[in-house]
Asks: 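Here it is: the structure, laid out below.
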Amino acid sequence: MTTFIQRKPTREIRIGSVAIGAKHPVVIQSMCATKTQDVEATFRQVVELTEVGAGIVRVACDSQNDADALEALAGKIRALNGELRDKINLSVDLQENYRIAERIAPYVAKIRYNPGHLHHVETDLPWREKVRWLVSVAEKNDVALRIGINCGSIDPTKKAEENPIFESAMEHVAWMGEIGFERFCVSLKDSDPENVLMINRLFAEKHPEVPLHLGVTEAGVPPVGIQKSRAALEPLLFEGIGDTLRISLTVPNSRKREEVEAGMALIQDVSAGRRTVTDGWKCDGLNIISCPSCSRVQNGRFVELATQVHEMTHYAREFPITIAVMGCRVNGPGETDHADLGLWCGPTCVNLKRQGTLLGSFPYEEILQRLKIELDTMIKEERYL
């Protein structure tokens with residue numbers, strides 16, 4: 001789905017059969033929630049997301065088995081009829097195993113790397129050399145890159161900075177300039193819409209030439225997740241900032257298309273000049289953060305749990321407490337450390353944290369009761385009275 005919105009001109013970046021930046025329409029993205037190694041299920045979801053309007057569909061890849069599955073997925077896409085085949089543009093999400101890029105690059109149109117993850121492996125190798133290597137892979141295979149910076153997995157060398165997401169982006173963009181690579185976009189995502197507004201405005205001012213992918217990470221379950229996303233993305237789009245976007249929602253696999261539909265509705269409203277939100281997201285009471293369903297989720301019950309947390313905590317909506325419900329190990333540790341109460345969901349148990357301190361791991365059947373105990377305790381504390 002692409003709809004024209006008047007935007008500030010950025011550099012044109014080709015991603016498979018679509019292009020972002022310059023005068024091109026805003027492109028909607030989504031990410032598969034199926035396990036990458038389940039090739040049939042992932043193929044069906046790629047097709048569905050594309051047919052409903054996604055110009056780019058992202059899949060996660062962190063192992064040789066994932067890479068083998070991605071190759072098989074690409075083969076199934078090539079076997080499609082020409083019109084649908086040409087609309088599908090795969091992006092791959094690298095995790096700590098950035099070296100897998102060389103294996104999967106022939107099968108995708110874009111590779112997303114997270115600056116924070118580059119520090120987790122080959123710790124004796126400078127991150128600049130890792131990025132130089134990724135650039136060489138991208139150039140060899142005719143693919144674009146996304147520098148994807150996320151509040152839940154910050155570059156450890158930037159954590160002490162006042163604005164670590166922005167500083168990390170500036171550092172990586174500067175390095176791209178030094179090595180002469182321009183076929184990249186940047187995303188600066190936070191779970192707080194006000195931070196998303198601030199960071200993207202600042203970056204667009206400093207680097208007006210670099211295309212931006214917009215999103216509120218861990219926006220949560222609908223309708224709250226859509227409201228949070230609109231609170232940040234709508235003002236940015238009206239200001240001419242943003243070349244591609246994703247609405248990240250906590251929904252089961254069967255409802256994954258809602259991400260694309262929400263993105264389409266947002267773009268259509270902005271195109272028509274309809275404003276639905278004021279500037280920023282004012283959350284004076286309970287704030288529940290939950291990550292979007294994706295292939296990294298270790299237990300599908302995570303999505304149901306996130307909805308149950310919303311329902312169970314409704315009585316505490318007036319209290320300024322942040323609860324994070326996270327489904328995987330990628331952003332789970334960071335977001336749950338920053339929250340007042342954090343639920344980091346594993347395969348069989350849920351890790352419960354209070355202000356970064358692990359209280360224990362509890363079965364899915366028991367976690368809501370234990371969460372309520374901790375929430376009630378926090379409410380009784382003087383600072384919440």
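Quick caveat: nothing in here was measured; it's all calculated off a predicted structure. Excluded from the calculations below are hydrogen atoms, water molecules and symmetry mates; all remaining heavy atoms, backbone and side chain alike, are included.
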Asks: So, using side-chain contact (heavy atoms from CB on, under 4.5 Å) as the criterion, who are the partners of D66 when residues are at least two apart?
Replies: T36, Q37, C61, D62, S63

Asks: Applying salt bridge (Lys or Arg N to Asp or Glu O under 4.0 Å), can you list everything that pairs with R132, at least two apart in sequence or on another chain?
Replies: E129

Asks: Under the rule for side-chain hydrogen bond (donor to acceptor under 3.5 Å, both in side chains), what residues qualify as partners of K76, not counting sequence neighbours?
Replies: E40

Asks: Begin with the C-alpha distance, continue with both residues' side-chain angles, and end with the deciding distance and a verdict on side-chain hydrogen bond (donor to acceptor under 3.5 Å, both in side chains) for R146 and S187.
Replies: CA-CA 7 Å; R146 167 153 63 108; S187 62; 2.7 Å; yes

Asks: What verdict does the side-chain contact (heavy atoms from CB on, under 4.5 Å) test give for R7 and F238, after you've listed the backbone C-alpha separation in whole Å, the side-chain angles of each residue and the deciding distance to 0.1 Å?
Replies: CA-CA 8 Å; R7 299 191 325 283; F238 269 111; over 6 Å; no

Asks: Between atom CG of D38 and atom CG of L73, what is the distance when rounded to the nearest 0.5 Å?
Replies: 10.5 Å

Asks: Can you find a pair of side-chain heavy atoms, one from N97 and one from V121, that are under 4.5 Å apart?
Replies: no

Asks: Which pairs with one or both residues in residues 54-107 pass ring pair (Phe, Tyr, Trp, His ring centres under 6.0 Å), sequence neighbours excluded?
Replies: Y98-W133

Asks: Just to verify, what does E161 make a side-chain hydrogen bond (donor to acceptor under 3.5 Å, both in side chains) with, not counting sequence neighbours?
Replies: none

Asks: May I have the step-by-step check of side-chain contact (heavy atoms from CB on, under 4.5 Å) for L266 and R230, ending in yes or no?
Replies: CA-CA 7 Å; L266 169 61; R230 277 185 171 254; 4.0 Å; yes

Asks: Taking E374 first and then R370, would you say they form a salt bridge - that is, a charged N and a carboxylate O separated by under 4.0 Å?
Replies: yes

Asks: Give a yes or no on whether a salt bridge exists between K23 and E12, defined as a side-chain N under 4.0 angstrom from a carboxylate O.
Replies: no

Asks: Apply side-chain hydrogen bond (donor to acceptor under 3.5 Å, both in side chains) to the pair D86 and S17, showing each step before the final yes or no.
Replies: CA-CA 6 Å; D86 294 342; S17 64; over 6 Å; no

Asks: Apply side-chain contact (heavy atoms from CB on, under 4.5 Å) to residues I28 and R246 and explain how you reach the verdict.
Replies: CA-CA 6 Å; I28 294 174; R246 177 190 176 194; over 6 Å; no

Asks: Specify the closest pair of heavy atoms between M312 and L371, including all atoms of both residues, with the distance to one decimal.
Replies: CE-CD2, 3.8 Å

Asks: Any carboxylate oxygen within less than 4.0 angstrom of a Lys/Arg side-chain nitrogen, looking at E239 and R201?
Replies: yes

Asks: Can you pull the salt bridge (charged side-chain N to carboxylate O under 4.0 Å, His left out) pairs that have at least one residue in residues 301-311, sequence neighbours excluded?
Replies: R301-E365

Asks: Can you name the residues that form a side-chain hydrogen bond (donor to acceptor under 3.5 Å, both in side chains) with E139, not counting sequence neighbours?
Replies: none

Asks: Spell out, yes or no, whether I247 and V57 are grouped together once hydrophobic residues are joined by side-chain heavy atoms under 4.5 Å, including indirect joins.
Replies: yes

Asks: I need the minimum non-hydrogen distance between V221 and S290, along with the two atoms involved.
Replies: N-OG, 3.7 Å

Asks: Hey, are E259 and S30 close enough side-chain-wise for a donor-acceptor pair under 3.5 Å?
Replies: yes

Asks: Kindly compute the distance separating CD1 (I77) from CG (L90), expressed to the nearest 0.5 Å.
Replies: 4.0 Å

Asks: How close do V52 and R257 get, counting heavy atoms only, and between which atoms?
Replies: CG2-NH2, 3.3 Å

Asks: Under a 4.0 Å N-O cut-off, is there an ion pair linking D376 with K380?
Replies: no

Asks: Taking ring pair (Phe, Tyr, Trp, His ring centres under 6.0 Å) as the cut-off, I'd like each qualifying pair that reaches into residues 177-203, sequence neighbours left out, listed once.
Replies: F203-H207

Asks: State plainly whether one hydrophobic cluster holds both L358 and F302, where clusters connect Ile, Leu, Val, Met, Phe, Trp and Tyr through side-chain heavy atoms under 4.5 angstrom apart.
Replies: no

Asks: For Q29 and T244, does a side-chain donor sit closer than 3.5 Å to a side-chain acceptor?
Replies: yes

Asks: Could you give the side-chain donor-acceptor pairs of residues 171-180 under 3.5 Å, partners two or more places apart or in another chain?
Replies:
unit_1, atom_1, unit_2, atom_2, d
E171, OE2, K158, NZ, 3.1
H172, ND1, Y113, OH, 2.9
W175, NE1, R128, O, 3.0

Asks: Is the shortest side-chain heavy-atom distance between C151 and I165 below 4.5 Å?
Replies: yes

Asks: Say whether L212 and M31 are linked into one hydrophobic cluster, either directly or through other cluster members, by side-chain heavy-atom distances under 4.5 angstrom.
Replies: no

Asks: Which residues pass the salt bridge (Lys or Arg N to Asp or Glu O under 4.0 Å) test with D93, sequence neighbours left out?
Replies: R58, R112, R296

Asks: Show your reasoning for whether side-chain hydrogen bond (donor to acceptor under 3.5 Å, both in side chains) applies to N287 and K228.
Replies: CA-CA 11 Å; N287 181 28; K228 281 186 176 182; 2.7 Å; yes

Asks: Minimum heavy-atom separation for C345 and V325, please, with both atom names.
Replies: SG-CG1, 4.5 Å

Asks: Using the side-chain hydrogen bond (donor to acceptor under 3.5 Å, both in side chains) rule, take T276 and E234 through it: C-alpha gap first, then chi angles, then the decisive distance, then the call.
Replies: CA-CA 8 Å; T276 65; E234 185 178 292; 2.6 Å; yes

Asks: Looking at every non-hydrogen atom in both residues, tell me the closest pair between L249 and G225 and how far apart they are.
Replies: CD2-C, 3.7 Å

Asks: Answer yes if L94 and I154 sit in the same cluster of Ile, Leu, Val, Met, Phe, Trp and Tyr residues linked by side chain heavy atoms under 4.5 Å apart, and no otherwise.
Replies: yes

Asks: Ion pair present between R354 and D340, side-chain N to carboxylate O less than 4.0 angstrom?
Replies: no

Asks: For R11, enumerate each residue passing the side-chain hydrogen bond (donor to acceptor under 3.5 Å, both in side chains) test, keeping only those at least two apart in sequence or located in another chain.
Replies: none

Asks: On a heavy-atom basis, which atom in S229 and which in V216 lie closest, and how many Å separate them?
Replies: CA-CG2, 3.9 Å

Asks: Can you tell whether the side chains of R103 and E71 come within less than 4.0 Å, N to carboxylate O?
Replies: yes

Asks: Check each of T217, N114, D190 against N150 using the side chain to side chain donor-acceptor pair (under 3.5 Å) test, and report the only one that passes.
Replies: T217

Asks: Please walk me through it: do N163 and M198 pass side-chain contact (heavy atoms from CB on, under 4.5 Å)?
Replies: CA-CA 10 Å; N163 192 337; M198 180 270 293; 3.4 Å; yes

Asks: Does atom CD of E102 have more than 12 heavy-atom neighbours, drawn from other residues, nucleotides or ligands, at distances under 6.0 Å?
Replies: no

Asks: In chain order, what residues pass the side-chain contact (heavy atoms from CB on, under 4.5 Å) check against A72, with sequence neighbours excluded?
Replies: V39

